Colleague: 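One structure is given below, represented as structure tokens, and several questions about it will come after.
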Amino acid sequence: MQRRNVIVVGAGPVGTVAALACARRGLTVTLLEAQERIDDSPRASTTQPPTLEILAELGLIDEYLRVGLVSRTFQFWDRATLKLIAEFDFARLAGETAYPFVVQTEQHKLANMAIVRLRAMANAEVRMGARVTTVTQDAESATVDVNQESLVADYVIGADGGRSTVRKSLGIEFDGYTWPERFLVITTRFDFQAALGCCLRNYMADPEEWTNLFKVAGDDLKGRWRAVYNTRAEESDAEALSDAAVRARLSRISVPESERHYLHLNLYAVHQRVAKSFRIGRIFLCGDAAHVNNPIGGLGLNSGIHEAWHLANLLKSGGDLDSYERIRRPLNIKYVQEQTIANKKRLEERDPAQRAQRFEELRAMADDAKRHKAFLMRAALLEKS
Ligand SMILES: Cc1cc2nc3c(=O)[nH]c(=O)nc-3n(C[C@H](O)[C@H](O)[C@H](O)COP(=O)(O)OP(=O)(O)OC[C@H]3O[C@@H](n4cnc5c(N)ncnc54)[C@H](O)[C@@H]3O)c2cc1C
């Protein structure tokens, strides 16, 4: 392949969807990934209804459903008392979407299944172990330097994650902040649904230490749970990852002593940042390269996939390229940044009166059909601005 239409940098879930969407529209595409294989550590899994619609259009939905778990509801709990506060049911979105539920499918499964499709297409090329070092452009084309080679394309999509080389190459600022605490994900086989009577997606509020519980299928499809906690700002990484601290955290959500073993630990810093610009000339940013946020509510990756889809359609149609940033950047700020910050505050509220009021608001919303649906439309990224 000489000059191609599109080079996508980064084979995470967003880059692979961007590459597959472009290739299925007949564009010639090269996907470049720095690592030799897709990172399968526990990261995002919650896939919202409009994202499922995109995966259906890409021909991935059957496999996606087969390797994931369908979750129709999500619940809010008071962790201190382990009492259910409110449940929200995506069935209320019937008529708004063909998929009135979320699917919990680990993000590496999406990247891997898209790569399999791309490898079978004559107009697509996937290169693993291909770390891009610089991206440049002129009026005619964009050039990517990778492994002592320069590749030329009409357009480049930077989907190379939060530390994006493409973004840095363009000198685009990444405004925002980093939360003082980190998030700890404990993966365990302990069955929280059986033990607590919760559903597959649960948000447990607590002023000192909140917990979110999600079930995923796992690569063996046998099922496992991810318990996500905030750490204390002053807690060191070593302390948070120590066996004693992990077991203590499990004990605080009622896991009996004999069952406090775990399969995996993941500790990561959490940011709220949005790139000053999502495009310069022939080069675009997509997914975490363009914005990062806390994962509460499962919105960041979904919005990245929506961007990849939007961009592939735009590049194919030759439409107004300025519209990408004009539409996508404010959407991310309004629906992803604002919502994830509000979601986090709801879980960690310290003032007892405010806390009681937030619980009351959730109960009232769940009980009112119109408000219940409106809340879900926004939470599922179905609301249009
Ligand atoms: C540790 C961690 C845990 C997370 N946990 C959750 C969670 O529990 N829930 C949730 O909703 N979200 C979570 N997130 C966020 C979610 O994983 C991201 O929103 C999602 O990965 C974004 O996808 P992406 O494709 O934009 O970027 P990424 O998944 O980061 O993919 C970027 C890809 O680009 C490649 N790359 C980077 N630089 C180059 C280069 N120079 N050249 C070529 N390739 C390059 C990388 O190797 C990577 O494969 C987590 C993120 C992290 C970092």
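As the structure lists them, so they are numbered: ligands from 1, and atoms in each ligand from 1. From a predicted model like this one, the values you see are computed outputs, not experimental measurements.
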Colleague: In this structure, does ligand 1 have an atom that sits under 4.0 Å from one of the heavy atoms of Pro13?
Modeller: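 Flag set, Pro13 near ligand 1.
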Colleague: Counting only nitrogen or oxygen atoms and a 3.5 angstrom limit, does Asn266 reach ligand 1?
Modeller: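 By distance alone, the answer is no.
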Colleague: Which ligand 1 atoms are under 4.0 Å away from a heavy-atom of Leu32?
Modeller: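 The list of qualifying atoms is 43 (C), 44 (N).
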Colleague: For atom 17 (O) of ligand 1, what's the nearest protein heavy atom and its distance?
Modeller: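 Scanning the protein heavy atoms, the shortest distance from atom 17 (O) of ligand 1 goes to Gln107 OE1, 2.8 Å.
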Colleague: Should one rank Glu33, Gln35, Lys168 by closest heavy-atom distance to atom 46 (C) of ligand 1, which comes out on top?
Modeller: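 Going through Glu33, Gln35, Lys168 one by one, Glu33 has the nearest heavy atom to atom 46 (C) of ligand 1.
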Colleague: How far is atom 27 (O) of ligand 1 from its nearest protein heavy atom, and which residue and atom name does that atom have?
Modeller: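 Answer, as residue, atom name and distance: Gly161 CA, 3.7 Å.
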Colleague: Are side-chain N/O atoms of Glu209 and Asn230 paired as donor and acceptor at under 3.5 Å?
Modeller: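 On atom types as modelled, these side chains do not qualify, holding no pair under 3.5 Å.
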Colleague: Using a 4.0 Å cutoff against the non-hydrogen atoms of Arg131, which atoms of ligand 1 qualify?
Modeller: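 Within the 4.0 Å cut-off of Arg131, ligand 1 contributes 41 (N), 42 (N).
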Colleague: Among all protein heavy atoms in this structure, tell me which lies nearest to atom 9 (N) of ligand 1, with the distance rounded to 0.1 Å.
Modeller: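 So the nearest neighbour among protein heavy atoms is Pro295 CB, 3.3 Å.
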Colleague: Determine whether Leu321 and Arg282 make a side-chain contact, defined as any pair of heavy atoms from C-beta on separated by less than 4.5 Å.
Modeller: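 No, their side chains stay 4.5 Å or more apart.
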Colleague: Does at least one non-hydrogen atom of Asp39 fall below 4.0 angstrom from an atom of ligand 1?
Modeller: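 No; Asp39 lies far enough from ligand 1 that no heavy-atom distance drops under 4.0 Å.
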Colleague: I need the nearest protein heavy-atom contact for atom 36 (N) of ligand 1: residue, atom name and distance, please.
Modeller: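 Residue, atom and distance for the closest contact: Asp160 CB, 3.9 Å.
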Colleague: Quick check: closest heavy atoms across Ile61 and Ala56, and the distance to 0.1 Å?
Modeller: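 Nearest heavy atoms, Ile61 then Ala56: CB-CA, 3.7 Å.
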Colleague: Quick one about Thr47 and Gln104 (side-chain donor to acceptor, distance below 3.5 Å, no hydrogens or angles considered), yes or no?
Modeller: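 Short answer, no.
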Colleague: Has ligand 1 got any nitrogen or oxygen that is less than 3.5 angstrom from a nitrogen or oxygen of Ala34?
Modeller: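 In this structure, Ala34 places an N or O atom under 3.5 Å from an N or O of ligand 1.
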Colleague: Could you check whether atom CD of Glu140 has more than 12 heavy atoms from other residues, nucleotides or ligands sitting under 6.0 Å from it?
Modeller: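 Not more than 12 within 6.0 Å, no.
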Colleague: If we only consider heavy atoms of Val9, is any one of them less than 4.0 Å away from an atom in ligand 1?
Modeller: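 Val9 counts as a contact of ligand 1 under the 4.0 Å cut-off.
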Colleague: Would the Phe74 and Phe88 ring centres measure less than 6.0 Å apart?
Modeller: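 Between Phe74 and Phe88, the centre distance is under 6.0 Å.
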Colleague: Heavy-atom distance to atom 14 (N) of ligand 1: which of Gly287, Ala289, Ala44 wins?
Modeller: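 Checking each option, the heavy atom nearest atom 14 (N) of ligand 1 is found in Ala44.
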Colleague: Is there a side-chain contact between Leu213 and Leu196, using heavy atoms and a 4.5 Å cut-off?
Modeller: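 They are in contact (side-chain heavy atoms under 4.5 Å apart), so the answer is yes.
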Colleague: Ignoring hydrogens and geometry beyond distance, is a side-chain donor-acceptor pair present between Thr178 and Arg273 at under 3.5 Å?
Modeller: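 Judged by distance alone, the side chains do pair up.
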Colleague: Does any part of the side chain of Phe90, heavy atoms only, come nearer than 4.5 Å to the side chain of Val70, both counted from C-beta?
Modeller: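 Val70 does not reach Phe90 side chain to side chain.
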Colleague: Quick check on Glu257: does its CD atom have over 12 non-hydrogen neighbours (other residues, nucleotides or ligands) under 6.0 Å away?
Modeller: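 No, the 6.0 Å shell around CD holds no more than 12 heavy atoms from other groups.
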Colleague: Under the side chain to side chain contact (heavy atoms under 4.5 Å, CB included) rule, what do Gln107 and Ile305 come out as? Steps first, then yes or no, please.
Modeller: CA-CA 11 Å; Gln107 67 176 58; Ile305 291 174; over 6 Å; no
Colleague: Atom 51 (C) of ligand 1: which protein heavy atom is closest, and how many Å away?
Modeller: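 For this ligand atom, the closest protein heavy atom is Arg43 NE, 3.4 Å.
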Colleague: Answer with yes or no whether the side chains of Arg79 and Thr211 bring together a donor and an acceptor at under 3.5 Å.
Modeller: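 Present: a donor and an acceptor within the cut-off.
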Colleague: With heavy atoms under 4.0 Å as the rule, classify the contact between Thr165 and ligand 1 as side chain, backbone, both or neither.
Modeller: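 For Thr165, the contact with ligand 1 is made by the side chain alone.
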Colleague: Before signing off on this row, confirm whether Leu299 and ligand 1 have an N or O atom pair separated by under 3.5 Å.
Modeller: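 No.
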Colleague: Which one holds for Ala159 and ligand 1: side chain close, backbone close, both close, or neither close, with close meaning a heavy atom under 4.0 Å?
Modeller: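 Backbone only; the side chain of Ala159 stays clear of ligand 1.
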Colleague: Do me a favour and list the nearest non-hydrogen protein atom to atom 25 (O) of ligand 1 with residue, atom name and distance?
Modeller: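 Protein heavy atom with the smallest distance to atom 25 (O) of ligand 1: Val14 N, 3.0 Å.
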Colleague: Among protein heavy atoms, which lies nearest atom 19 (O) of ligand 1, and at what distance?
Modeller: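 I find the closest protein heavy atom is Asp288 OD1, 2.8 Å.
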Colleague: With respect to Tyr268, determine whether any N or O atom, backbone or side chain, lies less than 3.5 Å from an N or O atom of ligand 1.
Modeller: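 By distance alone, the answer is yes.
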Colleague: Look at atom 40 (C) of ligand 1 and say which protein heavy atom is nearest, naming residue and atom and giving the distance to 0.1 Å.
Modeller: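 Answer, as residue, atom name and distance: Val132 N, 3.7 Å.
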Colleague: With a 6.0 Å cut-off on ring centres, are Phe214 and Phe192 close enough?
Modeller: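 No, ring centres 6.0 Å or more apart.
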Colleague: Does at least one non-hydrogen atom of Ala130 fall below 4.0 angstrom from an atom of ligand 1?
Modeller: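 Judged by the 4.0 Å heavy-atom criterion, Ala130 does count as contacting ligand 1.
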